[in-house]
Amino acid sequence: MVNQVYINALGAFLPGLPVANSAMEDHLGRVFGKMSKYRSAALKQNRIVQRHYALDPNGNWLCTSAGMAAAAIRDALNNSEASAKDIDYLAVSSTLGDGLVPGLASHVHAELGLGALEIANFQSVCASSLMAIKSAWLQLKCGEHSCAAVSGSEFASRYFRPGNYECVDEWREKGEIPFEADFLRFTLSDGAGAALLETEPNARQASLRIVWIDIRSYAHRFDACMVGGMVRQDADWRYWSGFPDTIAAAHAGAFVLTQDFDLMQRMLPVWVSHYLDLIERGMIVIDDIDHVCSHYSSHGLRRQIVDLLERAGAMIDEQKWFTNLYQKGNTGTASIFIILEELYRDGRLKKGDRILCHVPESGRSLNGFMLLEVV
Amino acid sequence: MGEPRAQAVMRGLLKVWTDFSCDMDATPLLDKLNRGKFRLEDYRVLLINHRQQVVEGSRWIARAGSSITGEYADQRSLFLRHAISEHRDYRMLEADYVSVGGVLADILQAEKNIGAEALHAFMYQRASERNPFDLLGAMFIIEGLGRQKAGEWGRSIQKQLGLGDEQISFLLYHSVNDEDHMREFETVLNSGILDIPDMDRQIVKTARIVARLYRLQIEELGNV
């Protein structure tokens, strides 16, 4: 049995009020009591103007990652023709759960208060969203289940509190933190998004049929790029669990999220290659794409690559690109859900439209595409 | 913007190029550069290798030009002009080499490594064939390096070794000066050569061969 699978509802949850660029540093707290010297460079690069945090300025939690995921799923249910009792599969994605053990999916299930059901937990970085959607798509496609809830939730800001950096010996001596650590403080923020998938389309409102999902890892070609829980010592990675104790790991900086910016730039060509391969295989037909939802903005692509893509007839008109990263923040694995939720609500979708979703992940180079058709 | 066949060739080439540019990062020399451990000696070896390519490059393009038959006279002119525009660029490399402590005679007399021998032998063989427009695939790969990578490497080498602009002139110059070449390339691609049976496929295949051989000569630096 092979079913068609439809995204029948989308939901989003953004904690607290939006925090503007001018307020973000005082909201997260100033590291070593100083203004960051990389703030404007990071904001210029990511072009984000506001975001949300699940922490208040005193560091108190407004909610958990599991709570945000459950709130987004409830929002999707509110927008759905299905009800909570119909859900028989729950796929949860996140970069980091609230704790180390057990998996976040268990906590999200508990928060939702649903009966016994099958769950799956996907932990990676941004592209864990597509892993979770793909698992739900396949579960429904083969008839194992008929209604799936999928969530992506991130609570990055709890790693951005000053104390998390100030305990690193090397940085304390210098009185400042490096760009690879500071950049992410100004780039990532909190939130959750969710999708409800069923094997029948909506009766009253538009559905998004999943045409295909294609995910590829390039970890065989690249070293780790966005890391947490590990730190480079000399030439090798040292994991937090390999230190004599967690205090020593913290002093060495093993709990800090960092991003190797140059390495990320070197990943762009393989992501472009993946895209060209999908065109070659006829899975992407440029003229048939009506909307592009990319977790990576076109301005981040180097001019030369855009130029080459244009010459090759492979660039999708920038007017078709839709994003809300700049207003909602880069919420990692939650972003693609939050982008789709707004696109769906926005009213611009017409029957027959094709939506190309793109979620690259710099973690250790992973790239995913998903094609949807409005029915 | 070109015709659909030319666009399909461009997509094929772009795909070969993107894979190639990442594969290049895995070569020992560029891996070392990416890890921030580049030595002055590495830079000198790279300059020697580049000089051989530049010298041979304008020669095989000229030979390819002379293998083009009368019906493609316009394209032949472009090939020959291209060969002329680059044929003295090696002087910059020699100056860079001497400025970082190299002895001029060494870069002039250096023997090709086993990868470079294979690369150049292939180029001359193809360039001697009748109407070897498949070499556009080779040009795309090699020009692409100049256009996209030379500046990146140049700036990184300059930073790691603390060099002045005049010591890294070739790599920096190429990153800003190769823009016109891409337009020229597109002109030839759209000039009717794709009417030659199977030429579209051959261009992309030659690009794949050259990408592999180019990487081989970087992997074999010093192995003469």
Side-chain angles (χ1 to χ4, degrees), chain A residues 178-180 216-225 232-237 260-287 301-317 360 362 364-367, chain B residues 1-27 30-37 140-141 143-153 155-156 159-160 175-176 178-179 181-187 189-190 200-201 204 208 211:
Chain A
F179 183 70
E180 64 258 31
R216 267 182 237 179
S217 165
Y218 299 94
H220 63 306
R221 289 186 162 196
F222 297 97
D223 200 350
C225 176
R232 203 185 274 287
Q233 288 196 332
D234 300 319
D236 299 321
W237 290 108
D260 182 336
F261 213 72
D262 291 337
L263 183 54
M264 192 185 83
Q265 289 292 323
R266 290 205 300 277
M267 291 174 180
L268 291 181
V270 283
W271 298 342
V272 172
S273 171
H274 182 197
Y275 171 67
L276 292 168
D277 189 46
L278 294 173
I279 293 175
E280 203 172 290
R281 287 159 58 196
M283 291 166 72
I284 295 175
V285 178
I286 301 294
D287 292 342
L301 281 175
R302 283 201 277 174
R303 186 62 233 164
Q304 296 109 310
I305 289 184
V306 172
D307 181 48
L308 285 171
L309 287 173
E310 279 170 353
R311 285 170 199 263
M315 188 69 196
I316 300 171
D317 190 353
S362 65
R364 197 160 182 173
S365 197
L366 185 56
N367 200 42
Chain B
M1 210 53 53
E3 49 148 341
R5 269 186 319 182
Q7 288 188 344
V9 171
M10 283 293 285
R11 283 199 297 275
L13 291 176
L14 200 48
K15 188 162 183 311
V16 177
W17 193 85
T18 49
D19 291 339
F20 166 66
S21 98
C22 277
D23 290 341
M24 283 290 285
D25 277 329
T27 59
L30 291 166
D31 176 60
K32 194 193 270 195
L33 182 66
N34 292 333
R35 285 186 291 111
K37 305 288 182 203
F140 188 91
I141 295 302
E143 296 283 338
L145 274 187
R147 203 162 166 265
Q148 309 246 11
K149 291 297 224 182
E152 185 184 310
W153 295 342
R155 282 186 293 276
S156 183
K159 198 169 138 200
Q160 286 180 36
S175 65
V176 293
D178 273 356
E179 294 290 324
H181 292 173
M182 195 47 70
R183 236 190 318 278
E184 250 175 51
F185 177 87
E186 227 180 355
T187 307
L189 202 56
N190 283 290
D200 47 354
R201 199 182 63 86
V204 178
R208 284 166 54 211

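Throughout, a chain's letter reflects where its sequence line sits, starting with A, and its residues are numbered from 1.
Closest approach of A/Pro269 and B/Thr18 over heavy atoms only: O-CB, 3.1 Å.
In terms of non-hydrogen atom pairs under 4.5 Å with chain B, the most contact-rich of A/Leu276, A/Val270, A/Leu263 is A/Leu276. Residue with the most contacts toward chain A among B/Asn34, B/Asp19, B/Asp25: B/Asn34 (heavy-atom pairs, distance under 4.5 Å).
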Step by step, would you call B/Glu186 with A/Arg311 a side chain to side chain contact (heavy atoms under 4.5 Å, CB included)? CA-CA 8 Å; B/Glu186 227 180 355; A/Arg311 285 170 199 263; 2.5 Å; yes
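Proximity to chain B is limited to the side chain of A/Ile279, based on heavy atoms less than 4.5 angstrom apart. With a threshold of 4.5 angstrom between heavy atoms, A/Arg266 approaches chain B through its backbone and through its side chain. Neither the backbone nor the side chain of A/Asp223 has a heavy atom closer than 4.5 Å to any heavy atom of chain B. Residue A/Tyr218 does not touch chain B at all, counting heavy-atom pairs closer than 4.5 Å.
Under the 4.5 Å side-chain criterion, counting only non-hydrogen atoms from C-beta, A/Glu280 is not in contact with B/Arg11. Contact of the A/Phe222 side chain with the B/Cys22 side chain is registered, since non-hydrogen atoms from C-beta on lie closer than 4.5 Å.
Atom NZ of B/Lys159 sits in a sparse spot, with 12 or fewer heavy atoms from other residues, nucleotides or ligands closer than 6.0 Å.
A salt bridge links B/Asp23 with A/Arg221: at least one charged nitrogen is closer than 4.0 Å to a carboxylate oxygen.
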